[in-house]
*Asks:* 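This is the structure I want to talk about, given as structure tokens.
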Amino acid sequence: MTPNLIAASMFGAMLVLLFSGQRMFGMIGFVAVVAALMLWGDRGGYDLAFAQSIKLMSWFPLMTLPMFIFMGYVLSESRLADDLYRMFHVWFGPVPGGLAIGTIFLMVLISAMNGLSVAGMAIGATIALPELLRRNYDKLMVTGVIQAGSSLGILIPPSVVLVLYAMIARQPVGKLWLAGVLPGLMMAGMFIFYIWIRCKITPSLGPALSSEERAQVTRAEKLRLLSAGLLPFAIFLAMMVPFVTGYVRLVESSVIGALAATLAAIVKGRMTWTVFETASRQTLAISCMFLWIILAALAFGAIFDGLRAVDALKALFLEDLGLNRWHVLILMQLTFLLMGTFLDDTAMLVIVAPLYVPLVDALGFNLIWYGVLYTITTQIAYMTPPFGYNLFLMRAMAPPEITLRDIYRSIIPFVGVMVLALALVIAFPQIAMWLPDTLYKQ
Amino acid sequence: MPEWIKKYVRFTEALNYRVGRFAMYLLFVLMGVMLWSSFSRTALTPAIWTDETGQFLLLGYFMLGGAYSLQLDSAVRMDLFYSRWSDRTKAFVDVITILALVFYLGVLLYGAVESTAYAIEYGERRRGLWRPYMWPVKTVMCIGITLMILQSTAIFFKDLAKLWGKEL
């Protein structure tokens with residue numbers, strides 16, 4: 001069999017097994033070890049799967065993964081974000097669609113304090129959602145805002161997705177995170193602009209607070225609430241300043257972040273045993289889930305490496321099909337999006353990256369820049385039906401009057417905005433590269 | 001179901017629960033080690049043992065925690081079809097596919113045991129300043145993978161019992 005055929009049959013076998021609904025790490029690992037045994041069984045193929053665990057261990061920044069997951073759970077379980085939300089609520093209330101805009105700001109701040117979109121989603125659905133519905137915001141607008149906003153969590157640093165990408169692409173995490181900052185803020189800005197325009201044209205989508213209601217909040221109260229916004233900045237600075245100035249390394253800064261969030265919860269008197277136990281248990285569960293899938297996916301990727309499937313793919317695209325490298329890149333993002341609609345997001349993260357990243361490298365593109373494209377595409381995939389982590393989370397957390405159909409419909413305009421952002425970053429790589437290039441030049 | 005299977009399932013679940021709860025707290029040990037690392041680098045002489053210790057702890061965290069995370073059912077499944085099946089169909093498919101999962105874990109364990117035997121025989125050390133021995137961490141990995149196999153087998157029995165309309 002040719003390498004292409006082996007690679008294709010591995011991929012096919014894996015898809016069939018994944019659709020059986022069995023735990024993913026086992027199915028990916030099974031295909032990998034069977035292929036390894038068949039290809040190199042006489043030359044240490046049985047060892048290939050285990051050898052990946054040493055590779056996994058040697059990759060130092062992986063330690064940030066449980067730290068950021070823990071941090072996210074502490075933040076959402078201890079409900080530290082309640083005050084934050086009230087702050088945005090009061091300050092943005094008078095603007096049309098102001099509460100929705102405030103929710104996006106809230107999500108940006110939460111994104112800067114944790115690495116996954118789950119925490120943002122949980123906070124959005126428990127704090128912002130009921131409040132927005134009570135104020136007669138359009139329910140499609142509300143669910144769309146929360147899902148779109150929480151997806152920023154994986155683009156704005158610290159980002160767990162970029163940590164995983166960094167491992168596969170062998171790129172520095174710090175640079176990748178910096179590259180995510182401006183595109184993340186740009187996307188948040190585009191969301192806000194969209195909400196503002198929509199609510200300006202159709203005020204019933206997001207009514208502004210009435211003047212009586214605004215009068216109830218005194219100036220002193222407004223200023224007091226502003227201090228709630230200091231908390232995320234304090235946590236973010238505690239985490240980032242020692243890192244940027246070079247006192248601590250990335251991993252250590254993630255520890256500081258986790259401890260700072262814990263400390264904040266203790267100071268606010270919200271750190272009960274239940275919160276602590278839930279956060280620790282969930283961190284173990286989610287970290288194990290990620291790490292076991294990565295372990296299996298690394299074995300899968302190692303076989304693709306061994307087969308030189310990337311060279312074959314490159315030859316197929318560039319020579320046999322006569323495409324140029326930009327065609328291939330855009331084609332890759334399109335298939336990525338397509339796969340995102342039916343593949344589980346975690347599967348995409350670990351299966352698509354080992355396949356695409358070497359190809360992107362072979363085509364001569366910048367892997368830091370591609371990391372941002374990759375993350376935005378994952379964000380979109382998080383939100384597109386029928387599979388979408390955020391869609392399911394939203395369904396699980398939203399009140400019953402919001403149907404799955406509403407949730408599906410609500411994301412359409414936001415996905416449009418995200419595709420636009422993706423196109424902008426493809427067309428103008430400087431959006432992503434300016435910050436890391438400037439800071440790393442010094 | 002024979003009595004010994006029930007006993008096996010109960011024993012495995014209790015064992016993995018305890019090991020998993022232990023692993024859960026390794027996270028905080030890891031935090032302590034990393035803090036000491038940055039503290040000693042800025043204030044004292046840099047500690048040479050922290051990086052490797054941290055890596056070993058992380059590996060132990062997810063190897064020993066793996067079986068407990070299976071108990072918590074946190075492993076991701078692709079549930080496009082799976083979620084629409086009846087509990088019986090789910091159990092039926094799971095009983096077959098989990099054999100593939102156990103096969104993967106078996107190959108993993110084979111590699112782990114072989115690698116551990118090598119590490120003990122030749123006194124393998126990790127490269128670097130501190131040069132720790134590799135056999136302890138590899139032994140932990142063997143234990144973790146074994147616990148995963150035990151837990152998967154327990155899950156297999158539970159699904160089998162479900163097919164007979166019983167709960168284990």
Side-chain angles (χ1 to χ4, degrees), chain A residues 17-30 32-34 36-37 46-51 53-54 56-58 60 62-63 66-67 70 242 247-249 251-252 254-256 258-259 280-293 295-296 342-344 346-347 386-387, chain B residues 20-21 23-25 27-28 30-32 34-35 37-38 41-42 51 54-59 61-63 65-66 68-70 72-83 85 90 93-94 96-98 100-112 114-115 137 141 145 148 152:
Chain A
L17 283 172
L18 284 181
F19 276 116
S20 78
Q22 184 54 264
R23 296 162 185 82
M24 267 165 50
F25 81 92
M27 299 301 96
I28 300 170
F30 175 71
V33 295
V34 168
L37 288 174
Y46 52 83
D47 203 27
L48 182 131
F50 180 73
S53 66
I54 303 295
L56 196 70
M57 182 178 83
S58 307
F60 201 60
L62 200 62
M63 272 181 234
M67 300 303 160
F70 182 72
Y247 275 110
V248 302
R249 292 171 300 172
V251 172
E252 292 147 8
S254 72
V255 174
I256 296 174
L259 290 176
S280 309
R281 177 164 39 80
Q282 294 285 18
T283 305
L284 180 83
I286 305 277
S287 306
C288 285
M289 169 200 102
F290 267 123
L291 287 164
W292 278 92
I293 290 183
L295 186 63
F342 72 91
L343 259 183
D344 180 277
T346 322
F387 268 122
Chain B
R21 296 299 284 196
M24 192 173 99
Y25 294 107
L27 181 71
F28 304 102
L30 178 58
M31 285 183 189
M34 283 300 115
L35 278 186
S37 166
S38 49
R41 192 157 8 85
T42 34
D51 285 9
Q55 290 173 330
F56 293 164
L57 281 169
L58 181 69
L59 208 62
Y61 180 68
F62 92 92
M63 281 283 166
Y68 179 49
S69 82
L70 282 181
L72 294 173
D73 209 15
S74 68
V76 199
R77 299 162 179 270
M78 196 129 125
D79 54 0
L80 184 59
F81 305 119
Y82 190 81
S83 58
W85 297 336
K90 278 181 187 166
V93 175
D94 274 349
I96 299 164
T97 50
I98 203 158
L101 188 144
V102 171
F103 181 79
Y104 164 63
L105 290 173
V107 176
L108 211 54
L109 182 62
Y110 183 87
E114 186 143 284
S115 176
V137 70
M141 287 198 264
I145 298 167
M148 289 282 279
S152 311

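Numbered from 1 within each chain, the chains take letters A, B, ... in sequence-line order.
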*Asks:* What heavy-atom pair brings B:Leu72 and A:Ala285 nearest, and what distance separates the two atoms?
*Replies:* CD1-CB, 4.0 Å
*Asks:* With B:Met34 as reference, evaluate A:Ile256, A:Val248, A:Val255 under the side-chain contact (heavy atoms from CB on, under 4.5 Å) test and give the passing residue.
*Replies:*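 Exactly one option meets the side-chain contact (heavy atoms from CB on, under 4.5 Å) with B:Met34, and it is A:Val255.
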*Asks:* Could you look at A:Ala296 and say if it's the side chain, the backbone, both or neither that has a heavy atom under 4.5 Å from chain B?
*Replies:* both
*Asks:* Can you check whether B:Tyr61 and B:Tyr25 have ring centres sitting under 6.0 Å from each other?
*Replies:* no
*Asks:* Under 4.5 Å from any heavy atom of chain A, what part of B:Thr97 do you find: side chain, backbone, both or neither?
*Replies:*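 Its backbone and side chain both get close to chain A.
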*Asks:* Shortest non-hydrogen contact from B:Gly66 to B:Met148?
*Replies:*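 That closest heavy-atom pairing would be C-SD, 3.2 Å.
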*Asks:* Tell me which of these, B:Asp73, B:Val93, B:Ile98, has more heavy-atom pairs under 4.5 Å with chain A than the rest.
*Replies:*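 The residue among B:Asp73, B:Val93, B:Ile98 with the greatest pair count is B:Ile98.
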*Asks:* Shortest non-hydrogen contact from A:Ser20 to B:Tyr82?
*Replies:* O-CD1, 3.5 Å
*Asks:* With B:Asp51, which residues qualify under salt bridge (Lys or Arg N to Asp or Glu O under 4.0 Å), at least two apart?
*Replies:* A:Arg249
*Asks:* Give, as side chain, backbone, both or neither, the part of A:Ser254 having an atom under 4.5 angstrom from any heavy atom of chain B.
*Replies:* neither
*Asks:* Is it the backbone or the side chain of A:Leu295 that comes under 4.5 Å from a heavy atom of chain B, or both, or neither?
*Replies:*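 Backbone plus side chain of A:Leu295, per the 4.5 Å heavy-atom cut-off to chain B.
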*Asks:* For A:Met27, which atoms come within 4.5 Å of any heavy atom of chain B: side chain, backbone, both, or neither?
*Replies:* side chain
*Asks:* Using non-hydrogen atoms and a 4.5 Å limit, figure out which bit of B:Leu108 sits close to chain A: side chain, backbone, both or neither.
*Replies:* both
*Asks:* Could you check which of B:Ile96, B:Leu57, B:Asp94, B:Leu70 has the highest count of heavy-atom pairs closer than 4.5 Å to chain A?
*Replies:* B:Asp94
*Asks:* Looking at B:Ser37, B:Ser152, B:Ser115, B:Ala100, which one has more heavy-atom pairs under 4.5 Å with chain A than the rest?
*Replies:*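 Among the listed options, the one with the most contacts to chain A is B:Ala100.
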*Asks:* Quick one: what part of A:Leu62 sits under 4.5 Å from any heavy atom of chain B, side chain, backbone, both or neither?
*Replies:*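 Contact with chain B involves both backbone and side-chain atoms of A:Leu62.
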*Asks:* What are the two closest heavy atoms between A:Ala258 and A:Phe70, and how far apart are they?
*Replies:*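 Reported closest heavy-atom pair: CB-CD2, 4.1 Å.
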*Asks:* What heavy-atom pair brings B:Leu27 and A:Pro66 nearest, and what distance separates the two atoms?
*Replies:* CD1-CB, 3.6 Å
*Asks:* Quick one: list whatever passes ring-ring contact (aromatic ring centres under 6.0 Å, His included) with B:Tyr110, sequence neighbours left out.
*Replies:*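 For B:Tyr110, the residues satisfying ring-ring contact (aromatic ring centres under 6.0 Å, His included) (neighbours in sequence not counted) are A:Tyr46.
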*Asks:* Could you tell me which portion of B:Val107 (side chain, backbone, both or neither) has an atom closer than 4.5 angstrom to a non-hydrogen atom of chain A?
*Replies:* both
*Asks:* At a heavy-atom separation under 4.5 Å, does B:Leu105 approach chain A through its side chain, its backbone, both, or neither?
*Replies:* side chain
*Asks:* Is it the side chain or the backbone of B:Gln55 that comes within 4.5 Å of chain A heavy atoms, both, or neither?
*Replies:* both
